[in-house]
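Scroll down for the structure; my scribbles are underneath it.
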Amino acid sequence: QVQLVESGGGLVQAGGSLRLSCEASGRTFSSYATGWFRQAPGKEREFVAAISRSGGSTYYADSVKGRFTISRNNAKNTVYLQMNSVKPEDTAVYYCAAGTTYYSAKIYYTSAEYPYWGQGTQVTVSS
């Protein structure tokens, strides 16, 4: 089992940048594929980005492709989401999620595939 704690959220102006971090407990973080999701008020939770346990494979939602970058440092048990050129529509609570996998390149795309979740961090983009 793994526990996830997000940080780095806050208020940022449109066009600015923000980096979210998700620190995991436990010594087997490298066994987990991880992802970022977000949920805006009144909307369903949506997929943002995912990364394989090795870090060699990544995948992004079309809405953030070219602006956001997911990365991980297994030695620090941390996954990151670098958010550049943010827009007001990026405003949401951002959640980190993790799921174990045997395959180093495996990526999970849906929330149902992730059994472990953080508590979320608020990102607000002002126009």
message: If hydrophobic clusters are built by linking Ile, Leu, Val, Met, Phe, Trp and Tyr wherever their side-chain heavy atoms come under 4.5 Å apart, do Trp117 and Tyr109 end up in the same one?
response: yes
query: Would a distance-only check, ignoring hydrogens and angles, find a side-chain to backbone donor-acceptor pair under 3.5 Å from Tyr60 to Ile70?
result: yes
- prompt: Is Lys65 salt-bridged to Asp62, going by a charged N under 4.0 Å from an acidic O?
  reply: yes
message: Can a donor-acceptor pair be found, under 3.5 Å and without considering hydrogens, that links the side chain of Arg53 to the backbone of Asn74?
response: no
task: Under the side-chain contact (heavy atoms from CB on, under 4.5 Å) rule, what do Leu11 and Gln122 come out as? Steps first, then yes or no, please.
output: CA-CA 8 Å; Leu11 177 64; Gln122 176 70 47; over 6 Å; no
query: If you round to the nearest 0.5 Å, how far is CH2 of Trp36 from CD1 of Ile51?
result: 11.5 Å
query: Short question: side chain of Arg67, backbone of Ser85 - any donor-acceptor pair under 3.5 Å?
result: yes
message: Tell me if a side-chain donor or acceptor on Glu6 pairs with a main-chain N or O of Cys96 at a distance below 3.5 Å.
response: yes
task: Report the C-alpha distance between Tyr95 and Leu4 in whole Å, list the side-chain angles of each, state the deciding distance to 0.1 Å, and finish with yes or no for side-chain contact (heavy atoms from CB on, under 4.5 Å).
output: CA-CA 9 Å; Tyr95 297 91; Leu4 306 171; over 6 Å; no
- prompt: Can you get from Val125 to Leu18 by hopping between Ile, Leu, Val, Met, Phe, Trp and Tyr side chains that sit under 4.5 Å apart?
  reply: yes
message: Go through it in stages, so that I can follow the logic: the residues are Ser63 and Arg38, the test is side-chain contact (heavy atoms from CB on, under 4.5 Å), and I'd like the CA-CA distance, side-chain angles, deciding distance and then a yes or no.
response: CA-CA 12 Å; Ser63 58; Arg38 66 187 182 187; 3.5 Å; yes
message: Checking the side chain of Thr69 only, and the main-chain atoms of Gln82 only, is there a donor and an acceptor separated by less than 3.5 Å?
response: no
message: Working to the nearest 0.5 angstrom, can you tell me the gap between Met83 CE and Arg19 CZ?
response: 13.0 Å
- request: Considering non-hydrogen atoms only, spot the tightest contact between Ile107 and Ala50 and give its length.
  value: CG2-CB, 3.5 Å
query: Using the ring of each side chain (for Trp, its six-membered ring), is Phe37 parallel, tilted or perpendicular to Phe47, with breaks at 30° and 60°?
result: perpendicular
message: Classify the ring geometry of Phe68 against Tyr94: parallel below 30°, tilted from 30° to 60°, perpendicular beyond 60°.
response: tilted
- prompt: Under the 3.5 angstrom rule, does the side chain of Tyr114 hit a backbone N or O of Tyr108 as a donor-acceptor pair?
  reply: yes
query: Can you name the one residue among Val64, Asp90, Leu20 that meets side-chain contact (heavy atoms from CB on, under 4.5 Å) with Val48?
result: Val64
